[in-house]
Protein chains: 2
Amino acid sequence: VTGGVVASTPDPPYWAVIFTTRQTPDIEGYDETAAAMEALAAQQPGFLGIESVHDGADGITVSYWATEDDLLSWGRHAEHLVAQRLGRERWYERYELRVARVERTASHPRPR
Amino acid sequence: VTGGVVASTPDPPYWAVIFTTRQTPDIEGYDETAAAMEALAAQQPGFLGIESVHDGADGITVSYWATEDDLLSWGRHAEHLVAQRLGRERWYERYELRVARVERTASHPRPR
């Protein structure tokens, strides 16, 4: 059992950034930047995990953070700001980014 | 611009149920039940929208609700309880369900 996309996260409360995206046909550079940002995010303070699924032009990526300050700091990271600009200008026809406080969770299978 | 998977939701605060799943190889009945549950969810009080992306055995579905009571009521809906049991017994090798309060959002393109 690998768990696939499912991230192991601690007991709540913690924070989630739900990033739902519709891509443009211009995907030049997208895969490399997305992979680099995922690796860079994982090095930031308070990073708890990331889940990402794409199907064609549609994607949902959820990253988890220990505190709101941690996710705000990642949002202001210099390399991340460059990637955000490229995303708005080139890669994303539309997106919604939602910052949410995780209050309760349920797991399957039940935690041992 | 269709927006694809991206749901249009009101200004926060509102609630999100982040349901991240890893499927088993047994998918008999899954697609029909998933479609029926999505249609049924959309009829419930406080339903704001749903976003779902799957790639092979991995999936992320996020549903949005006006209040925590609304999402709890949906979780206790009789037909939904039957589907939940089938999910645990047959379709999902692993899942995490996270209930979160959406505090802030950012949209692209910017709202008109």
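Hydrogens, waters and symmetry mates are skipped; everything else that's a heavy atom, side chains included, is used. Every chain is numbered from 1, with letters handed out A, B, ... down the list of sequences.
Contacts of Ser8(A) with chain B are made by both backbone and side-chain atoms, with heavy-atom separations under 4.5 Å. Tyr64(B) touches chain A through its side chain: at least one heavy atom from C-beta onward sits under 4.5 Å away, while N, CA, C and O do not. Looking at Ala57(B), neither its backbone nor its side chain comes within 4.5 Å of chain A, counting heavy atoms on both sides. Using a 4.5 Å cut-off between heavy atoms, Glu68(A) contacts chain B through its side chain alone, with no backbone atom that close. With a 4.5 angstrom heavy-atom cutoff, Tyr14(A) touches chain B only via side-chain atoms. Looking at Ile18(B), only its side chain comes within 4.5 Å of chain A, counting heavy atoms on both sides. Proximity to chain A involves both the backbone and the side chain of Thr9(B), based on heavy atoms less than 4.5 angstrom apart.
Between the CG atom of Leu48(A) and the CG atom of Leu71(A) there is a distance of 10.5 Å, given to the nearest 0.5 Å.
Between Tyr30(A) and Tyr92(A), the angle of the ring planes goes over 60°, which puts this pair in the perpendicular group of the 30/60° scheme.
Most heavy-atom pairs under 4.5 Å with chain A, from the set Val102(B), Thr61(B), Val17(B), Val53(B): that is Val53(B). Contact count against chain B (heavy-atom pairs under 4.5 Å) is highest for Ile60(A) among Ile60(A), Asp55(A), Val62(A), Thr21(A).
Shown here is Ile27(B), whose CD1 atom has no more than 12 heavy atoms of other residues, nucleotides or ligands within 6.0 Å.
Without hydrogens or angle criteria, Thr24(A) side chain to Asp26(A) main chain gives a donor-acceptor distance under 3.5 Å. Looking only at distances, no side-chain donor or acceptor of Glu93(B) sits under 3.5 Å from a matching main-chain atom of Arg22(B).
In this model, a donor atom of one side chain and an acceptor atom of the other lie less than 3.5 Å apart for Ser107(B) and Glu96(A).
In this structure, Asp70(B) and Phe47(B) have side chains that are not in contact, with every pair of non-hydrogen atoms separated by 4.5 Å or more.
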